[in-house]
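Input: a single structure, listed below in structure tokens.
Only heavy atoms go into these numbers, but all of them, side chains included; no hydrogens, no water, no symmetry mates. Numbering of residues begins at 1 and proceeds along the displayed sequence. Just so it is clear, the model here is predicted, and its values are computed rather than measured.
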Amino acid sequence: MKVSSLSILPLLLGGSIASASVAASSVPCIPCINRQDVKIGVVHHGQPSTDAYWGSMNDAIIQGGSDMNINMIFNSTANEGLTTQQDISLRMQELIEEQCGGSDPVNAILVSLPNENIVQALQSCQANDIPVATFNAGPDIAKANDLLFYGQNETTSGFLAGYALANVVTTEKFCCANHARGVDVLAERCGGMEAGVQSLGKGNVFDVTVDPNDCDAWENAIISGGCSPDEGKGWETIGVYMAGMANHKCGVQFLEKYPATYADASDISLDLFAGMEAGLNILFGSDQQSYLQGYLPFSSLTLAVTNDQMFENKMISTGPKLVTSQPSAHEQECKDNNFAVCERTDSVPLISVPSTPVVTPVGPPDDSVPAVTPVDSPAIPSGTSLDPPAPSPDATAGPSSRALSQITADYSYHITLAFGGIILAVGGMILAN
């Protein structure tokens, strides 16, 4: 029976064979690939003017595209002036369809998934075989639609926050500070927080809408939303989850005013670090390592376009990484500067090749070889024969029985190896046919 070489591979590898393809690149590769011909679009739901998180994210995106030397199609202020999540979602859909459709579409696209509606717009990209990567928001949406995702599981992040707050013996009431109502990320974080609190048998969890740009209003929303101590009890009964960097400034001010309150946070910032250094009851900041989310996709998308190669695993997890204390001053400076990268200078080569080590000859140079002093030959006693000694009687005899045994063993060894090779070759021919 003829056995297919492909059919036997799963048995050898312990798994099954899956096929996957990436759209063939339209970027020429002869004599070399010009990455400036690669166009990668970017569309996300952020508003940098009102959320500092997205200012840092945009810097990572731009640096990632710059380092890959590609042509980026990106309007970093596309959502400015929009006041509702519905308007932002519609704007994102317009941009996606614009970049993936028309006569000159992008070669690949990076998008966030704040809600399911974005997936519908991505159909225009997939119809044109345009590689898609997603990031930051919507890991569950990405998984359901078999899309590559860079980010973290937001429900897990929220669960850890709720669990930690509920694990404090004195806490009784818990508020999730939600600064972006309608965005799935915040719903997942606050939902995860509630599950974390309930896992330890506690309740009284409130999802509170807050305005991170007005700290007085932020404070009033938390207190009126359910997180104020019962009569006769103190603020040590209150746990607050700052569900995003936008809440850090107002959240820290809240803790300064009510220092017995316990808190933790999604994301990290200088405001959060300052609160930690001041000794406030901040359990941790959950770092999703957003710079990785914005920066890394450009290498994989570029290679998807030029090399037809893409990750097989669909979740590139960047968090949550729990930060329980302020980092060094150097680390804080780098983060505050959004990890800005200096431009390469001509004085620093792209590749440095170590020089060949110089081997120093041992002894004097060739032109200073010392003269050889002649030495008198010793006298030869008279009667001494100058002929070579006669061989011993055994020298002309045949090989001993021990030598013959060794020769026989050597031949047997080589014959065995040859015979084994023939068997393996025949077996390979059978499998091949």
Side-chain angles (χ1 to χ4, degrees), residues 45-57 79-80 82-88 114-115 136-137 154-155 157-162 164-166 171-197 204-229 235 237-276 280-286 288 290:
H45 64 281
Q47 292 179 298
S49 65
T50 58
D51 189 345
Y53 175 91
W54 284 101
S56 176
M57 178 69 83
N79 301 324
E80 300 299 353
L82 303 179
T83 57
T84 68
Q85 292 301 320
Q86 182 179 4
D87 289 340
I88 292 175
N115 55 60
N136 181 257
E154 302 293 353
T155 301
S157 179
F159 182 94
L160 293 174
L165 290 172
T171 52
E172 298 176 359
K173 295 182 179 181
F174 309 88
C175 277
C176 180
N178 187 335
H179 64 281
R181 180 73 57 190
V183 175
D184 287 356
V185 168
L186 273 297
E188 291 165 3
R189 288 177 182 174
C190 290
M193 176 212 176
E194 181 175 13
V197 171
N204 298 319
V205 182
F206 307 96
D207 186 341
V208 182
T209 301
V210 295
D211 180 0
N213 298 303
D214 184 340
C215 289
D216 289 335
W218 196 97
E219 175 188 338
N220 292 332
I222 293 295
I223 292 175
S224 62
C227 280
S228 60
W235 284 95
T237 61
I238 304 301
V240 176
Y241 172 37
M242 298 174 274
M245 184 190 294
N247 294 294
H248 292 181
K249 179 180 178 180
C250 295
V252 170
Q253 289 186 19
F254 185 92
L255 293 175
E256 290 172 343
K257 189 171 182 179
Y258 309 104
T261 304
Y262 287 88
D264 48 26
S266 275
D267 304 324
I268 55 176
S269 68
L270 294 184
D271 288 321
L272 194 71
F273 296 152
M276 290 178 173
L280 301 176
N281 291 332
I282 300 174
L283 304 180
F284 61 75
S286 179
Q288 59 179 303
S290 58

Handout entry: Stepwise side chain to side chain contact (heavy atoms under 4.5 Å, CB included) test for Val208 and Asn178
Key = CA-CA 6 Å; Val208 182; Asn178 187 335; over 6 Å; no

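- Within the 4.5 Å cutoff, side-chain heavy atoms of Pro229 are placed close to those of Ile238.
- Remark: the Tyr241 side chain and the Ser266 side chain contain an N/O donor-acceptor pair separated by less than 3.5 Å.
- No side-chain N or O of Asn204 forms a donor-acceptor pair with one of Glu172 less than 3.5 Å apart.
- Counting heavy atoms from C-beta outward, Glu219 and Lys257 have side chains that approach closer than 4.5 Å.
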Handout entry: Derivation of the side chain to side chain contact (heavy atoms under 4.5 Å, CB included) call for His179 and Asp211
Key = CA-CA 6 Å; His179 64 281; Asp211 180 0; over 6 Å; no

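- A donor-acceptor pair under 3.5 Å links the side-chain atoms of Thr171 to the main chain of Leu165, judged by distance alone.
- Put simply, the side chain of Ile268 reaches to within 4.5 Å of the side chain of Phe273, judged on heavy atoms.
- Nearest heavy atoms, Thr261 versus Val240: CG2-CG2, 4.0 Å.
- With contacts defined as side-chain heavy-atom distances shorter than 4.5 Å, the pair Cys176/Phe174 does not qualify.
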Practice task
Under the side chain to side chain contact (heavy atoms under 4.5 Å, CB included) rule, what do Ile223 and Phe254 come out as? Steps first, then yes or no, please.
Solution key: CA-CA 10 Å; Ile223 292 175; Phe254 185 92; 4.1 Å; yes

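- At a threshold of 4.5 Å between non-hydrogen side-chain atoms, the residues His45 and Trp54 count as touching.
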